[in-house]
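Data first, discussion second: the structure below is written as structure tokens.
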Amino acid sequence: MFNIFVRKNFLIDHLKNFVDIHNHILPGIDDGAKTVTDSINLIKEFSEFGVTNFIATPHVMDNYYPNNPQTINQSFTILKKELKKNTELKNTLLDYAAEHMVDANFDVILNESLVLPLKKKYLLVEMSYLQPSINFNTAINSIQSKNLFPILAHPERYGYLHNSNKYELYKNKGILFQLNLLSLGEYYGKEINKCALKLLEKGMYNFAGSDIHNMRQMNALKSIKVSRKTIELIEPLIEKNIFNFY
């Protein structure tokens with residue numbers, strides 16, 4: 001008789017030294033942390049389970065969050081100054097890039113070098129959750145022509161991709177995939193969780209990120225339990241994050 005009880009592990013217990021390459025901890029700049037106090041509180045929560053290295057990625061989204069290198073640097077500078085006042089966070093490593101919506105203005109900012117890659121090498125992009133960007137393929141070609149590697153943020157969250165062959169087509173096109181850690185629970189819903197696990201089992205993810213915006217999401221992350229099998233699939237992504245972004 002087989003054991004019907006599969007032991008679950010808290011995900012955060014396996015995130016020590018994880019480099020978080022997708023989060024919204026910069027204050028007052030998008031739908032993430034509203035104040036620098038919010039930012040500090042999120043960073044303190046991360047530090048409790050061994051995550052102290054961040055690349056902040058605020059939204060760059062025309063008509064909603066029209067950020068640019070200057071506005072993002074200003075918010076980053078405010079947070080860096082506050083971090084210096086908190087001696088318990090002295091080991092925090094903080095850098096910034098951006099999460100770029102592939103919208104009508106994307107080609108403009110790309111051509112004008114107003115995008116913010118991670119480590120000057122990888123460009124984090126996203127699409128609407130309602131429908132794919134009509135210029136997505138063109139945008140990917142343009143990114144690659146700039147000698148940048150496109151990373152598609154949270155591919156599991158685009159419901160219109162779930163029953164298509166787009167994932168394979170995107171991978172064949174050289175697009176890298178970034179998993180949202182919250183997708184390993186049911187924070188975004190069961191279908192997204194199911195898709196995330198399927199893509200994870202197929203080895204389609206290259207990196208992972210928290211995509212944390214607020215304390216509610218932080219509490220959800222801390223509550224996620226996953227199987228030993230999932231942990232074994234997540235560990236290589238954690239190592240890739242450390243190797244490429246530390």
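All heavy atoms count here, side chains included; hydrogens, waters and symmetry mates do not. Here the structure is a predicted model, which is why all the values come from computation and not from measurement.
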**Prompt:** Any link between Tyr96 and Leu79 through a network of hydrophobic side chains (Ile, Leu, Val, Met, Phe, Trp, Tyr) touching at under 4.5 Å?
**Reply:** yes

| task | Return yes when atom NZ of Lys198 has more than 12 non-hydrogen atoms of other residues, nucleotides or ligands closer than 6.0 Å, and no otherwise. | result | no

Shortest non-hydrogen pair, Ile242 vs Val19, comes out as CA-CG2, 3.9 Å

Residues passing the side-chain hydrogen bond (donor to acceptor under 3.5 Å, both in side chains) test with Thr230, sequence neighbours excluded, are Ser227

Query raised in the report: When hydrophobic residues are tied together by side-chain contacts of less than 4.5 Å, even through go-betweens, does Ile134 share a cluster with Met127?
Result: no

Looking at Asn163, I want to see if its CG is surrounded by more than 12 non-hydrogen atoms of other residues, nucleotides or ligands under 6.0 Å. no

I'd like to know if the side chain of Tyr205 reaches the main chain of Leu237, judged simply by a donor and an acceptor atom lying under 3.5 Å from each other, with no hydrogens or angles considered. no

Residues passing the side-chain hydrogen bond (donor to acceptor under 3.5 Å, both in side chains) test with Glu48, sequence neighbours excluded, are none

Here the pair of heavy atoms bringing Ser145 nearest to Ser142 is OG-O, 2.6 Å

In terms of heavy-atom contacts, Asp103 and Asn135 come closest through O-ND2, 3.2 Å

Q. With ring centroids as reference points, do Tyr170 and Phe136 lie under 6.0 angstrom apart?
A. yes

Would you say the side-chain atoms of Ser75 pair up with the backbone N or O of Pro27, donor to acceptor, closer than 3.5 Å? yes

Presence of salt bridge, Glu88 and Lys44, under 4.0 angstrom:
yes

(request) Kindly indicate, with the supporting measurements, whether the criterion side-chain contact (heavy atoms from CB on, under 4.5 Å) is fulfilled by Glu45 and Val51. (result) CA-CA 9 Å; Glu45 290 287 330; Val51 178; over 6 Å; no

Given the options Asn206, Leu123, Leu124, Val125, Ile151 meets side chain to side chain contact (heavy atoms under 4.5 Å, CB included) only with Leu124

Quick one: are Asp95 and Lys119 in side-chain contact, heavy atoms under 4.5 Å? yes

| message | Ignoring hydrogens and geometry beyond distance, is a side-chain donor-acceptor pair present between Gln178 and His22 at under 3.5 Å? | response | yes

Worksheet item: Just wondering, do Ile40 and Leu89 contact through their side chains at under 4.5 Å, heavy atoms?
Response: yes

Heavy-atom closest pair (Leu181 atom, Ile224 atom, distance to 0.1 Å) is O-CD1, 3.6 Å

Rounded to the nearest 0.5 angstrom, the NE2-SG distance for His154 and Cys195 is 13.0 Å

Separation between CD (Gln70) and CD1 (Ile72), nearest 0.5 Å, reads 11.0 Å

Kindly indicate whether the side chain of Val115, heavy atoms from C-beta on, has any atom under 4.5 Å from the side chain of Ile143.
-> no

query = In the single-linkage hydrophobic clustering (I, L, V, M, F, W, Y; side-chain heavy atoms under 4.5 Å), do Ile12 and Met215 co-cluster?
reply = yes

d(His59 NE2, Met101 CE) to nearest 0.5 Å is 7.5 Å

Short question: side chain of Ser183, backbone of Ala196 - any donor-acceptor pair under 3.5 Å?
-> no

**Prompt:** Counting N and O atoms only, with roles assigned by atom type, does the side chain of Asp211 sit under 3.5 Å from a partner on the main chain of Leu182, one being a donor and the other an acceptor?
**Reply:** no

Original post:
What about Leu93 and Ile78, same hydrophobic cluster or not, with Ile/Leu/Val/Met/Phe/Trp/Tyr joined at side-chain heavy-atom distances under 4.5 Å?
Top reply: yes

Give the ring-plane orientation class for Tyr122 versus Phe207, where under 30° counts as parallel, over 60° as perpendicular and anything between as tilted.
-> perpendicular

Interatomic distance, NZ@Lys120 vs CG@Asn147, rounded to 0.5 Å, equals 15.0 Å

- Task: Go through Asn180 and Tyr187 one step at a time and tell me if the side-chain hydrogen bond (donor to acceptor under 3.5 Å, both in side chains) criterion holds.
- Result: CA-CA 11 Å; Asn180 268 16; Tyr187 181 82; over 6 Å; no

Task: Residue pair Thr57 / Ile21, side-chain heavy-atom distance below 4.5 Å - done: no

* May I ask you to establish whether Lys171 and Phe177 are in a cation-pi arrangement, using a distance under 6.0 Å from NZ or CZ to the six-membered ring centre and at most 45° from the ring axis? => yes

| Short question: side chain of Asn193, backbone of Glu186 - any donor-acceptor pair under 3.5 Å? | no

Open item on the list: Under a plain distance cut-off of 3.5 Å, with no hydrogens placed, do Lys173 and Asn141 share a side-chain donor-acceptor pair?
Closed with: yes

Are Val60 and Tyr65 connected in the hydrophobic side-chain network, where two residues link if heavy atoms are under 4.5 Å apart? no

Pro58 and His24 have their tightest heavy-atom pair at CA-ND1, 3.9 Å

Check your understanding: Does the side chain of Ser164 reach to within under 4.5 Å of the side chain of Leu161, using non-hydrogen atoms?
Key -> yes

Give a yes or no on whether the backbone of Ile29 and the side-chain of Asn67 come within a donor-acceptor separation of less than 3.5 Å. yes

Quiz item: Stepwise, does the side-chain contact (heavy atoms from CB on, under 4.5 Å) test hold for Tyr158 with Leu152?
Solution: CA-CA 11 Å; Tyr158 307 112; Leu152 179 60; 4.0 Å; yes

Practice task
Indicate yes or no for a side-chain donor-acceptor contact from Ser47 to the backbone of Thr52 under 3.5 Å, with no hydrogens or angles considered.
Solution key: no

Heavy-atom neighbours of Leu169 CG exceed 12 at 6.0 Å | yes

Identify whether the distance between the nearest side-chain nitrogen and carboxylate oxygen of Lys229 and Glu232 falls below 4.0 Å. no

**Report entry** Sidechain-backbone polar pair: Asp62 side chain, Asn105 backbone, donor-acceptor under 3.5 Å
**Finding:** no

So, do Ile25 and Leu94 sit near enough that their side-chain heavy atoms are less than 4.5 Å apart? yes

Rounded to the nearest 0.5 angstrom, the NZ-CG distance for Lys146 and Leu110 is 5.5 Å

Heavy atoms of Glu156 and Tyr167 approach each other most closely as CA-OH, 3.9 Å

Test side-chain hydrogen bond (donor to acceptor under 3.5 Å, both in side chains) on Ser210 and Asn23; report intermediate values, then the result. CA-CA 6 Å; Ser210 75; Asn23 58 75; 5.1 Å; no

* pair Ile109-His100: side-chain heavy atoms closer than 4.5 Å -> yes

Task: Within-4.5 Å side-chain heavy-atom neighbours: Phe10 and Phe49 - done: no

Run Asn241 and Asp20 through side-chain contact (heavy atoms from CB on, under 4.5 Å) and show every step you take. CA-CA 8 Å; Asn241 274 43; Asp20 189 9; 6.0 Å; no

So CG of Asn53 and CZ of Phe18: to nearest 0.5 Å the spacing works out to 10.0 Å

*For Thr35 and Asp38, what are the C-alpha separation, side-chain angles and deciding distance, and is it a side-chain contact (heavy atoms from CB on, under 4.5 Å)?*
CA-CA 5 Å; Thr35 67; Asp38 292 341; 3.3 Å; yes

Examine distances only and state if a side-chain atom of Asn244 and a backbone atom of Lys240 form a donor-acceptor pair shorter than 3.5 Å.
yes

- Please say whether more than 12 non-hydrogen atoms of neighbouring residues, nucleotides or ligands are located less than 6.0 Å from OH in Tyr129. yes

